[in-house]
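Heads up: the structure comes next, in structure tokens.
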There are 2 protein chains.
Amino acid sequence: MADLSDQDLRIIRTAPMFSALSDEAIRSLAAHCLKIMLHPQEAIFRPDEEANDFFVILRGHVRVYKLSPEGNQQVLHLFGPGQTVAEAAAMKMQDYPAHAEAVDAVTLLAIDKATFDAAVRENVDMVAGLVTGLSDKLKELAGLAEQLALRKVPARLANALLQEMTAAASLTFTLSMAKKDIAEQIGTTPETLSRTLRSFQDDGVIDVQGRTITVLNVDVLNALATGQA
Amino acid sequence: MADLSDQDLRIIRTAPMFSALSDEAIRSLAAHCLKIMLHPQEAIFRPDEEANDFFVILRGHVRVYKLSPEGNQQVLHLFGPGQTVAEAAAMKMQDYPAHAEAVDAVTLLAIDKATFDAAVRENVDMVAGLVTGLSDKLKELAGLAEQLALRKVPARLANALLQEMTAAASLTFTLSMAKKDIAEQIGTTPETLSRTLRSFQDDGVIDVQGRTITVLNVDVLNALATGQA
DNA sequence: CGCGTCGTTGACGACCATCAAGGTATGTGG
DNA sequence: CCACATACCTTGATGGTCGTCAACGACGCG
């Protein structure tokens with residue numbers, strides 16, 4: 001039931017599992033799917049729901065996170081257009097393992113397990129892409145666990161800054177989200193983030209002007225990120 | 001080149017990706033594989049090696065871990081007989097994402113990417129199992145990240161104790177490994193582990209006699225594990 | 001019996017979350 | 001256009017958690 005624009009098609013084909021499919025194959029798959037629009041902060045799924053569908057992001061960003069009993073959250077993934085969410089849970093028909101919510105205005109394609117299974121049976125080459133996607137997520141989570149266990153806040157922050165820097169392809173860039181969200185993502189608090197940013201600035205590694213960061217010394221920042229400082 | 005006993009077959013079929021295969025299919029796959037025996041502590045792979053093979057554990061236990069620049073390690077997975085190691089990395093032909101080593105005396109079946117690909121092409125039903133295995137690992141890592149970020153040491157230890165308890169199916173059990181290894185697995189030090197165990201004991205939740213633990217109050221232990229205490 | 005690994009305990013300090021308060025920015029309605 | 005509300009950010013003070021260092025006792029094994 002979902003109409004797809006040409007741009008939608010291009011975005012969907014960004015996902016490894018769909019990259020090998022023809023336009024017609026994607027369109028016929030989408031014919032059985034729902035297009036969902038969400039407002040910022042709107043919930044997509046919760047850990048106690050059964051995973052009947054998984055999602056392809058057409059527009060916006062999705063945050064996948066765990067919640068502690070005290071209400072703290074830890075972001076596991078941050079997904080953007082062309083990425084798939086919860087395909088592993090859906091394939092196994094278990095409960096979703098975490099929370100997911102829209103970060104900004106989001107459009108999703110919701111694919112239910114049955115129609116996806118049918119699509120896989122007709123296009124066996126999707127499997128390689130599916131595995132690739134899962135493998136990427138495994139690697140990401142392994143890196144996250146490493147960071148949380150073995151790196152202190154300065155190293156995690158340095159990492160995040162380097163990521164933003166390379167994403168912007170410039171030594172000066174504007175943070176892609178509010179500082180409080182960055183704090184959350186690297187597993188700390190806004191207060192500690194603020195202090196750590198200031199200490200970087202005092203050390204002459206970066207310059208902070210509100211949401212705009214300029215990296216003054218990439219080498220030191222790299223050293224911080226890998227823990228050699 | 002690897003001869004498989006009937007017991008080997010039974011163990012291999014424990015892995016979700018092999019569960020649907022016939023004896024002959026497994027034997028013909030194994031004909032192109034190597035059986036590897038390892039001593040305790042012996043390395044299996046390192047993060048800078050190219051992942052040409054992945055492994056099925058026939059005997060013993062394998063620890064997969066990340067290493068910090070300071071030499072601390074964080075265990076990501078602990079695998080036993082019938083589990084597969086590094087299949088995601090091997091399928092994508094990238095570098096291994098972590099270290100792996102034998103915990104005790106280990107026997108592995110090493111499967112290289114090419115022969116596995118061939119096997120998958122002949123037995124498409126393996127795919128579902130492959131995905132199941134990856135999905136399980138994703139869930140495990142997500143849980144680990146949650147614990148590291150959001151739970152304090154007592155909660156993580158309570159969790160570990162509950163796991164050992166249910167594995168033993170008895171309120172009294174002997175730890176499956178040295179305490180220092182448990183400390184490592186839950187991301188802390190032997191000293192802190194020792195103190196936390198003592199505090200549990202002082203609170204009357206468990207009794208500790210060397211490596212033997214008796215759970216005196218399951219409810220409180222559960223509360224500790226979920227963070228409600 | 002001696003040695004090495006493991007486990008425990010104590011003292012200490014680093015790191016970081018929390019609480020509280022004030023400052024800044026941004027958008028909204030009058 | 002200004003006043004105000006509401007977020008977001010910063011800064012300081014404080015305390016808890018946990019890692020580190022050091023010393024010692026307990027095992028297990030050759």
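Numbers restart at 1 for each chain; the letters A, B, ... are given by sequence-line order, proteins then strands.
Residues of residues 142-152 of chain A that place a heavy atom closer than 4.0 Å to DNA chain D do not occur.
Counted within 6.0 Å of CD on Glu42(B), heavy atoms from surrounding residues, nucleotides or ligands total more than 12; the atom is thus considered enclosed.
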Hey, can you pull the donor-acceptor pairs under 3.5 Å for the side chains in residues 163-171 of chain A, sequence neighbours left out?
| unit_1 | atom_1 | unit_2 | atom_2 | d |
| --- | --- | --- | --- | --- |
| Glu164(A) | OE1 | Ser176(A) | N | 3.0 |
| Glu164(A) | OE1 | Ser176(A) | OG | 3.4 |
| Glu164(A) | OE2 | Ser176(A) | OG | 2.7 |
| Thr166(A) | OG1 | Leu162(A) | O | 3.2 |
| Thr166(A) | OG1 | Gln163(A) | O | 3.0 |
| Ser170(A) | OG | Thr172(A) | N | 3.0 |
| Ser170(A) | OG | Thr172(A) | O | 2.8 |

Detail all sub-3.5 Å separations between protein N/O atoms and N/O atoms belonging to nucleotides 6-12 of chain D.
| unit_1 | atom_1 | unit_2 | atom_2 | d |
| --- | --- | --- | --- | --- |
| dC9(D) | OP1 | Lys179(A) | N | 2.9 |
| dC9(D) | OP1 | Arg211(A) | NH2 | 3.3 |
| dC9(D) | OP2 | Lys179(A) | N | 3.4 |
| dC9(D) | OP2 | Lys180(A) | N | 3.0 |
| dT10(D) | OP1 | Lys179(A) | NZ | 2.8 |
| dT10(D) | OP2 | Ser194(A) | OG | 3.4 |
| dT10(D) | O5' | Ser194(A) | OG | 3.2 |
| dT11(D) | OP1 | Arg198(A) | NE | 3.4 |
| dT11(D) | OP1 | Arg198(A) | NH2 | 2.9 |
| dT11(D) | OP2 | Arg198(A) | NE | 2.8 |
| dG12(D) | N7 | Arg195(A) | NH1 | 2.9 |
| dG12(D) | O6 | Arg195(A) | NH2 | 3.2 |

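Listed by chain and residue number, Arg46(A) satisfy the salt bridge (charged side-chain N to carboxylate O under 4.0 Å, His left out) test with Asp48(A) (two or more places apart in sequence, or in another chain). Looking at residues two or more places apart in sequence or on another chain, you find no ring pair (Phe, Tyr, Trp, His ring centres under 6.0 Å) involving His61(B). Considering only residues two or more places apart in sequence or on other chains, Lys179(A) meets the salt bridge (charged side-chain N to carboxylate O under 4.0 Å, His left out) condition with none of them. Every residue two or more places apart in sequence or in another chain was checked for a ring pair (Phe, Tyr, Trp, His ring centres under 6.0 Å) with Phe173(B), and none qualifies. Shown here are the side chain to side chain donor-acceptor pair (under 3.5 Å) partners of Glu146(A), two or more places apart in sequence or in another chain: Arg151(A). Checked against side chain to side chain donor-acceptor pair (under 3.5 Å), Lys113(B) has the following partners two or more places apart in sequence or in another chain: Asp117(B).
Fit an axis to the five pairs at each end of the helix from dC1(C)-dG30(D) to dG30(C)-dC1(D) and the two axes sit 30° apart, to the nearest 10 degrees.
Within the structure, no pair that satisfies the side chain to side chain donor-acceptor pair (under 3.5 Å) test touches residues 196-206 of chain A, not counting sequence neighbours.
For the residue pair Ser68(B) / Glu70(B), a side-chain donor-acceptor distance below 3.5 Å is found, with atom types taken as modelled. Using modelled atom types and a 3.5 Å distance limit, the side chains of Glu101(B) and Tyr65(B) yield a donor-acceptor pair. At a cut-off of 3.5 Å, with distance as the only test, no side-chain donor of Ser135(B) or Thr132(B) sits close to an acceptor on the other residue.
Contact footprint of chain B on DNA chain C: nucleotides with an atom under 4.0 Å from a non-hydrogen protein atom, first to last in 5' to 3' order, dC6(C) to dA11(C).
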